[in-house]
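Down below is the structure, laid out as C-alpha cells.
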Protein chains: 2
Amino acid sequence: MTARHSDCVHCLMRGQSIFAGLSREEVCELGMDVQDIHVPAGTTIYHEGDPAQYAYTLRQGGIKLVKSLPNGHAQIVRLLHHGDLLGFEGLRTDRHRHSAITLTGTDLCRLELRALDALSQRLPAVREAIFARWQQALQEAEDRIVELGAKKADARLATFLCQWVGAYPQQRAAPFPLTRQDLGEFLGLSTEHVSRIMADLKRHRLLHEHKGQIEIPDPQNLFLYASSDGTRA
Amino acid sequence: MTARHSDCVHCLMRGQSIFAGLSREEVCELGMDVQDIHVPAGTTIYHEGDPAQYAYTLRQGGIKLVKSLPNGHAQIVRLLHHGDLLGFEGLRTDRHRHSAITLTGTDLCRLELRALDALSQRLPAVREAIFARWQQALQEAEDRIVELGAKKADARLATFLCQWVGAYPQQRAAPFPLTRQDLGEFLGLSTEHVSRIMADLKRHRLLHEHKGQIEIPDPQNLFLYASSDGTRA
DNA sequence: CGCGTGGTTGAACATGATCAAGGTCTGTGG
DNA sequence: CCACAGACCTTGATCATGTTCAACCACGCG
C-alpha cells in the first residue's frame, strides 16, 4: 500500500466528491490531512467491528462491503464503484459495521473521521453531501431487500448484471472483477448455482464474458429475463 | 380519518421526536402546520410513486412500508413502530418510494415537507435528528439484507420474532398485528411456509400466540434456534 | 511441470413454493 | 338467534428451486 499527501484542489473527482459544493478557496483551507492511497486487489481496508478511524472515497476500482454471520457465512452488503464513499458510518457508530475488501487494485482518498466530523459541522454543504449519499445508500439497500425477498435466483442475477453494466455506460464491455463466489455472497446463492445460471445466460447469448470483462448484447432482452415472472413468496 | 391541529409543545413524544433537541421556545415557534391524525387499521397513508407532500411521525400503532414488483408481488421493506418516521424520503426524492399501510389503528403527526425542509435548513438540530434516523434505517436495512441473503426461513422468522418482542420490552406479551401473509412478504416466504414454521415453534413451546399477542417464553432459546446453522449460500 | 484457485458439471438431496382442501373466527343480514 | 360470507390460518401432497457433495477442468504461476 502506497500513501501520499493528497491535493484536493486539483483532484479529478472534486466535481463528484463530498467537497463538490465548495469554492476553490474553501477546499484549499479544509485543514484536513487527506491521504491518497493505493491498495492492491484482495486487501481488507478495514474489518467489521474495528474502531472507525478513517473514511474513504473510492477514486478508482471496486470494493465489496461484507458482513459475516457467527456461523462463518458471509453476505456482501454493498458493492462500491468509482466515486462511492465508504467508512462514513464511523461518523455515527464508532465501529465499522462491515468489512471493506478490494476487488481490484484501487485508489482511495483517506480522511480522518474526527477531522471530517468537525469539518462537516462547520460546512453545511459537506454535511449535506454526505447525507445525500446516505439517503441514496438507503434507497439502494431497500431495492436490494426487494430483490432478495421477492425474486428468484435467475431474475436476481439478471437484474444485477444489468445494473452492473449500467454503471459503466461509456464502454461496451464492463470490467467484471467478481468471482462466482462474490456473486453468490451478494445475491444469496451458492457459487454452483450462480455458475449454472451464468452458463445458461451465455448459452442463450444474453451475456458474454472475456478476461474479466462482461458484455450484455441486448440489455432489453436480459431485462425481460430478469422480470419474467421471477417472483417468489 | 380524523385530524386536528397538534400541540407539539406538550406532545408526549417530544423527547424522542425530531424536535427533541429544541428548547420549549423553539418548538413554540416552529411556525409549522402540524396535524394530529388518526387512521384505522388497513389504511394506505400514501402510495408508492405518489408525489410526496407530507412526512409523518408514528405516535402509536404499527405501519408497513411496501414495495410492489411489476408482476404483482409485494415486499415489505420496513416495519414501523411507535416513534418511527415515515415519508421523509420526500425531502430528497419528490415521490414516495414505498406505500405506507397501517397494521393497526394509528396516531400520527403529519408535517408538510416543504415547511419541514425549510425548518430543517434553519435548525441544524432538526436536520441532524432526521439524518440520525436515516443512518439507523440504513443500518437496519443492511441487517435485513444479511437476513434475507444468508439465513434460512426458520432462522429468519426466529430472529424476526425476537426483534419484534424486543421492541416491546415492558410487556411480557407483545402486540402482534401481523398476518401470516405480512410475515411472508417481510421475510420473503410463502404464507403457507410461515404458517408451518410458526406451528413448529409453538409445538416446541418456543412461542405462544393469543388474540393478536405473542410471547416468547425463553428468548435465549429461540435465539439459539435462530442461529442454529440457519445458513445459506 | 505441478500446484492452487476459480469455474463447471452432475447426481442426490433439502428447502421452500404451489395447489388444493378444509377449518376457525368474526361480522352481517335475515 | 342462526346462517352465511369473507378473511385468515392450517395441513397435506406434489413439484420446483436451489444446496450440497464430489469430481473434474482450465488456467495462471511458481
Side-chain angles (χ1 to χ4, degrees), chain A residues 40-42 64 69 71-75 101 103-104 147-158 160 176-204 207-214 225-226 228-233, chain B residues 40-42 64 69 71-75 101 103-104 147-158 160 176-203 207-214 225 228-233:
Chain A
K64 56 179 173 180
L69 286 165
N71 19 281
H73 273 251
Q75 174 73 30
I101 304 175
L103 298 166
T104 63
E147 291 289 312
L148 290 172
K151 285 190 183 172
K152 301 206 259 211
D154 47 5
R156 287 197 293 235
L157 181 52
F160 168 70
F176 197 71
L178 300 172
T179 66
R180 304 289 129 131
Q181 187 176 346
D182 287 331
L183 283 168
E185 290 179 358
F186 188 76
L187 299 169
L189 301 169
S190 66
T191 70
E192 294 92 332
H193 200 208
V194 171
S195 180
R196 278 185 247 268
I197 300 170
M198 290 289 279
D200 243 46
L201 292 178
K202 288 193 227 168
R203 237 169 268 132
H204 291 83
L207 174 72
H208 296 283
E209 209 179 7
H210 294 298
K211 308 238 157 221
Q213 302 245 323
I214 59 170
Y225 194 97
S228 67
D229 199 38
T231 61
R232 215 174 68 195
Chain B
K64 58 180 173 180
L69 285 166
N71 17 281
H73 274 251
Q75 174 74 28
I101 304 175
L103 298 166
T104 63
E147 292 289 311
L148 291 171
K151 285 189 182 173
K152 299 206 262 211
D154 47 5
R156 285 196 293 233
L157 182 52
F160 169 70
F176 197 73
L178 300 171
T179 67
R180 302 290 129 125
Q181 187 177 345
D182 288 331
L183 283 168
E185 289 179 357
F186 188 75
L187 299 169
L189 302 169
S190 66
T191 71
E192 294 94 329
H193 200 205
V194 171
S195 180
R196 279 185 246 270
I197 299 171
M198 290 290 276
D200 244 46
L201 293 177
K202 288 193 226 166
R203 239 170 265 131
L207 173 72
H208 295 284
E209 208 179 8
H210 293 298
K211 307 239 155 222
Q213 303 245 320
I214 58 167
Y225 194 97
S228 68
D229 198 39
T231 61
R232 212 175 68 195

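Below, read A as the first sequence line, B as the second, and so on, with proteins coming before strands; counting in each chain starts at 1. We use all heavy atoms of the structure for the numbers below, so side chains are in, but hydrogens, waters and symmetry mates are not.
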Inset, instruction - Could you tell me which residues satisfy side chain to side chain donor-acceptor pair (under 3.5 Å) with A:Thr179, sequence neighbours excluded, listed by chain and number? - result: A:Asp182

Inset, instruction - Would you tell me if any nitrogen or oxygen in the side chain of A:Lys211 comes within less than 4.0 Å of OP1 or OP2 on D:dG28? - result: yes

Inset, instruction - Could you tell me the separation between the NE2 atom of A:His210 and the C1' atom of D:dA26, rounded to a whole number of Å? - result: 16 Å

Inset, instruction - Return the minimal non-hydrogen interatomic distance between B:Thr104 and B:Pro177, and the atom names on each side. - result: CG2-CB, 3.4 Å

Inset, instruction - Using the test side chain to side chain donor-acceptor pair (under 3.5 Å), find all partners of A:Arg196 that sit at least two apart in sequence or belong to another chain. - result: none

Inset, instruction - Would you mind reading off the distance between B:Phe176 atom CZ and D:dC8 atom C1', rounded to a whole angstrom? - result: 14 Å

Inset, instruction - Tell me, please, which residues at least two apart from B:Gln181 pass side chain to side chain donor-acceptor pair (under 3.5 Å). - result: B:Glu185

Legend entry - Reading 5' to 3' through nucleotides 3-10 of chain C, protein heavy-atom contacts under 4.0 Å coded B for base, S for sugar-phosphate only, - for none: ----SBBB

Legend entry - Separation of C:dG16 P from B:Arg156 CZ (nearest whole Å): 7 Å

Legend entry - side-chain N/O A:Lys152 vs C:dT15 OP1/OP2, d < 4.0 Å: no

Inset, instruction - May I have the distance from B:Lys151 (atom NZ) to C:dG16 (atom P), rounded to whole angstrom? - result: 13 Å

Legend entry - Interatomic distance, B:Glu185 CD vs C:dA17 P [rounded to whole Å]: 13 Å

Legend entry - Separation of atom CG in B:Leu183 from atom P in C:dA17, rounded to whole Å: 13 Å

Inset, instruction - Supply the atom-to-atom distance B:Glu147 CD to A:Gln75 CD, rounded to the nearest 0.5 angstrom. - result: 10.0 Å

Inset, instruction - Could you state the atom-to-atom distance from CG of A:Leu187 to P of D:dT17 in whole Å? - result: 17 Å

Legend entry - Euclidean distance, atom CG of residue B:Asp154 to atom P of C:dA17 [Å, nearest integer]: 12 Å

Inset, instruction - Determine whether more than 12 heavy atoms belonging to other residues, nucleotides or ligands lie under 6.0 Å from atom NE2 of A:His204. - result: no

